[in-house]
Every structure is written in C-alpha cells, then in structure tokens.
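Only heavy atoms go into these numbers, but all of them, side chains included; no hydrogens, no water, no symmetry mates. A quick note: this is a predicted structure, and the numbers were derived from the prediction, not measured.
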Amino acid sequence: MSNINTVLVLGAGVMGRGIAQHLACSDIKTIVYSRTQATLDKCRSQIEDSLASRAAQGYTTKTDNDGVLERISYVTDMAAHAPGADLVIETLSEKLNLKRRVFKELDALCPPETILATNTSSFDIDDIAEAAEKHPERVLGMHWFHPPDITPGIEMISGMETSPEVFKAVEDFCLVIGKESTRCANVPGFVANRIQMAMAAEAINIVSQGLASPREVDAIIRSTIGFRLGAFGAFEIADMAGADTYLAIMQYMREKYGWENEEAISFLTSQVEKGRLGLKAGKGFYYYDEKAVERTLRLRDTFLLRRLDVFNLENRERN
C-alpha cells in the first residue's frame, strides 16, 4: 500500500473536527467535508479556537504558526475531492443506512487504492463494507474516541473481506500520527463500548434505584475505579487484586443481585484452579518473574502517585 498523505474526513461535527485537527497537527493534508458551508465555518472556527487555547495553556501541540490551518481544506463537494484522497474517514451520524449509502458512493468515486474507514462505534463493519460492492476489501473500522484530538487510542476492526495490506497500512498510519491502535473483533460495540456501556448501565441502575446520586457515582468512579484505570487496564488491575478475590466478589454479587455472569465466573474459577492468582503467584492473566513483580509494583506506585497529583489539581479546579 502507498503512504497515506491526504485524508478526507466526512463530517464536520465533534468527531470530524477533532480528527481533522489531529491529522493537521500531524503534518497530514486534511480535507473536511460537510453538506453545508455553515457547518464548515463553525468547524474552522472551533479548530482555530482550540489551537489558540492550547498554545495559551503552554501545551506543545502545534499552532497555526506551524501551518496547521493551511493543511486543512473545507469542502461541500465530496465527489470532487474523494478521488484524490489516500484515506477517507467517515464520521457521519450513527445511522446504518446513511453510512451504507455513502460507502456505495465512495466505492464508485474513489480509485481502488483509496482506503475507506468508518468511525462507527457499534455497527458491523461487514454491513457497511457490503455497500462497497466493487472493492469491499478496502473497507475497515477505525473507531476514534472523544475527544479524538486528545484521546490516544483507536480501535481497528477488520471486516470479512478487509485485505491485510489495507489493515496494515492504516495501523502504520496510526503510528505516524501518534495514536495507539488496537485490533478488535468485529462484534457489536467492539471492545471499548461493550465495557463502557456495561459500566454506564450499572451506574444508571444505581441512580434509578435511589442508591446514590449522579454526583456521588461520578465522584466514586473518579476517585477509585477511574483513578486506577488512568494508569492500568482491567486485567492488570485484576492481577494486582488476585483472581481468587475477584472470584469471591463475583460469586457473592451473583448470589445477591442475580447477575448473569457465568462465563466470567467459569473463567475465573479455571484461573484459580490453575493457580493463576496474579502478582502474588507470579502468574495470572500475565506471567511475572521476580523482577517483573517488583517492577510492576514500582510502576503501580509511580503511575498512581502521578495520577494523584493530577487528581488533586483537578479537584481544586472543580471546586
């Protein structure tokens, strides 16, 4: 696959604007498409304000003085600009029929080497790629997260017909623009939203049952779960706590709440039976030699103490 030098972003809303800003700050020629000039004008103004704000706060993000604004074009004619793009990133409304219609148009407009990516947060990539009848092999999922110009992660999702060369080209592109890409299975909600929506649903249940207020739930998440998740992933944290501890908690909560978590309990039971308890056993979801255990504990304290400084600063600004 050829290098990706020009990107067409379809949509000038929150996601499209943030993606375009990040691409331009990464020295990528960027074209933003919207049906209306008013939306494009608003997008341009918001990008200018964002760059100025970050410069004023002392962040190292590039400013318009580095040619960022000059690298972004704003257009209302998709047909005229799609053929010249190396990569198209679709960020339109989460409506499957709309996305299918647009990908059918793109498939007819763009040369075979143009890569077509959708920023869908939940739809089956194959349902979208099916509309690109001539070249479904160039369609893939590229799920950015809000705000896309700041959040480092991108979920990469391959469809049944996505070519390995196309997938690798976009993975390499993520490295070029400083993003951390992770391969995800093509399942509803992919990975991040399955986890995020499960947490959101339980938080909403707690509030609806009158067990805590939204403010209290948010404070608990920020100061406990979210505090640690800023530095470590779910399985890293589980290894620190211990699979036996997690298993006991899940079994008790299943008994009290009737949670349907049999698959998780079965998996944890297997972990415990194999002695894969986590850090304290030298093996869990990860393997640890003696040096790895010491290093992990040292990193835990280092990372969390840094987060504590940020947490305290943020609390002062909130109050």
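We find the CD-CG distance between Glu161 and Leu140 to be 13.5 Å, quoted to the nearest 0.5 Å. Note that CD of Gln271 and NZ of Lys283 are 9.5 Å apart. Values are rounded to the nearest 0.5 Å. Between atom NE2 of residue His81 and atom OG1 of residue Thr76 there is a gap of 8.5 Å, rounded to the nearest 0.5 Å. Here the CZ atom belonging to Arg228 is positioned 10.5 Å from the OG atom belonging to Ser223, to the nearest 0.5 angstrom. Atoms NZ and CZ, on Lys95 and Phe123 in that order, are 10.0 Å from each other to the nearest 0.5 Å. Summarising the geometry, atom CE belonging to Met197 is positioned 13.0 Å from atom CZ belonging to Arg194; distances are rounded to the nearest 0.5 Å.
More than 12 heavy-atom neighbours from other residues, nucleotides or ligands sit within 6.0 angstrom of CD on Gln57. The environment of Gln209 atom CD is dense: over 12 non-hydrogen atoms of other residues, nucleotides or ligands sit within 6.0 angstrom. No more than 12 heavy atoms of other residues, nucleotides or ligands shown are found within 6.0 angstrom of CE on Met160.
Under the 4.5 Å side-chain criterion, counting only non-hydrogen atoms from C-beta, Cys25 is not in contact with Asp149. Proximity of Arg54 to Ile150: side-chain heavy atoms (C-beta onward) are separated by under 4.5 Å at one or more points. With contacts defined as side-chain heavy-atom distances shorter than 4.5 Å, the pair Tyr287/Arg276 qualifies. Side-chain contact between Val7 and Ile31 is absent, with no heavy-atom pair separated by less than 4.5 Å. Side chains of Glu130 and Asp126 form no contact here, defined as non-hydrogen atoms less than 4.5 Å apart. At a threshold of 4.5 Å between non-hydrogen side-chain atoms, the residues Thr39 and Arg35 do not count as touching.
A salt bridge links Asp27 with Arg71: the distance from a Lys NZ or Arg NE/NH1/NH2 to an Asp or Glu carboxylate oxygen falls below 4.0 Å. With respect to the salt-bridge test (charged N to carboxylate O, under 4.0 angstrom), the residues Arg44 and Glu48 do not qualify.
Looking only at distances, a side-chain donor or acceptor of Asp86 sits under 3.5 Å from a matching main-chain atom of Asn5. Looking only at distances, no side-chain donor or acceptor of Thr151 sits under 3.5 Å from a matching main-chain atom of Gly153. A distance-only check finds a donor-acceptor pair linking the side chain of Lys179 to the backbone of Pro148 [under 3.5 Å]. Between the Glu155 side chain and the Ala192 main chain, a donor and an acceptor come within less than 3.5 Å of each other. Remark: the backbone N or O of Thr114 is paired with a side-chain donor or acceptor of Arg138 at under 3.5 angstrom. Under a 3.5 Å cut-off, the side chain of Thr162 and the backbone N or O of Val139 do form a donor-acceptor pair. Of the possible donor and acceptor atoms, one in the side chain of Ser208 sits under 3.5 Å from a partner among the backbone N and O of Asn205. Asp107 places a side-chain N or O within 3.5 Å of a backbone atom of His135 that can act as its donor or acceptor partner. The main-chain N or O of Ile265 is found under 3.5 Å from a side-chain atom of Thr269 such that the two form a donor-acceptor pair. Of the possible donor and acceptor atoms, none in the side chain of Lys104 sits under 3.5 Å from a partner among the backbone N and O of Glu133.
The hydrophobic clustering, which links ILVMFWY residues whose side-chain heavy atoms are closer than 4.5 Å, places Ile89 and Leu92 apart. Taken together through direct or relayed side-chain contacts under 4.5 Å among Ile, Leu, Val, Met, Phe, Trp and Tyr, Val166 and Leu87 form part of one hydrophobic cluster. Under the 4.5 Å side-chain contact rule for hydrophobic residues, Ile154 and Leu229 do not share a cluster. Met142 and Tyr33 fall into different hydrophobic clusters, where Ile, Leu, Val, Met, Phe, Trp and Tyr side chains are chained together by heavy-atom contacts under 4.5 Å.
Applying the ring-ring contact (aromatic ring centres under 6.0 Å, His included) test to pairs two or more places apart or on separate chains, those with a residue in residues 244-273 are Tyr257-Trp259. The side-chain hydrogen bond (donor to acceptor under 3.5 Å, both in side chains) pairs that include a residue from residues 288-304 are Asp239-Tyr288, where partners are two or more places apart or lie in different chains.
Of all heavy-atom pairs spanning Ile125 and Asn186, the tightest one is N-OD1, 3.1 Å. Nearest heavy atom pair, residue Asn119 against residue Trp144, reads OD1-N, 2.7 Å. Listed here is the closest heavy atom pair of Glu236 and Gly233: OE1-N, 2.7 Å. The two residues Ala241 and Lys280 have their closest heavy-atom pair at O-NZ, 4.2 Å. For the residue pair Ser121 and His143, the shortest heavy atom distance occurs at CB-NE2, 3.3 Å. Between Asn315 and Arg222, the shortest heavy-atom contact is OD1-NH1, 3.3 Å.
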Problem set entry | Residues Asp309, Leu313; criterion side-chain contact (heavy atoms from CB on, under 4.5 Å); working and verdict | CA-CA 6 Å; Asp309 287 340; Leu313 174 62; over 6 Å; no
Problem set entry | Stepwise side-chain contact (heavy atoms from CB on, under 4.5 Å) check, Phe227 with Leu304 | CA-CA 8 Å; Phe227 179 80; Leu304 294 185; 4.0 Å; yes
For this session: Give the intermediate values and the outcome of side-chain hydrogen bond (donor to acceptor under 3.5 Å, both in side chains) for residues Asn193 and Gln196.
Result: CA-CA 5 Å; Asn193 272 333; Gln196 181 171 248; 3.1 Å; yes
Problem set entry | Verdict with reasoning, Phe303 to Phe232, per ring pair (Phe, Tyr, Trp, His ring centres under 6.0 Å) | CA-CA 9 Å; Phe303 290 172; Phe232 297 98; 5.6 Å; yes
For this session: Would you sort out whether Arg183 and Glu171 count as a side-chain contact (heavy atoms from CB on, under 4.5 Å), showing the intermediate values?
Result: CA-CA 9 Å; Arg183 298 186 176 198; Glu171 280 188 319; 2.7 Å; yes
Problem set entry | Residue pair Phe103, Leu10: steps toward the side-chain contact (heavy atoms from CB on, under 4.5 Å) verdict | CA-CA 11 Å; Phe103 272 76; Leu10 301 184; over 6 Å; no
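Partner of Thr91 under the side-chain contact (heavy atoms from CB on, under 4.5 Å) criterion, chosen from Val14, Val9, Val32, Thr118: Val9.
Among residues two or more places apart in sequence or in another chain, the salt bridge (charged side-chain N to carboxylate O under 4.0 Å, His left out) test is passed with Lys29 by none.
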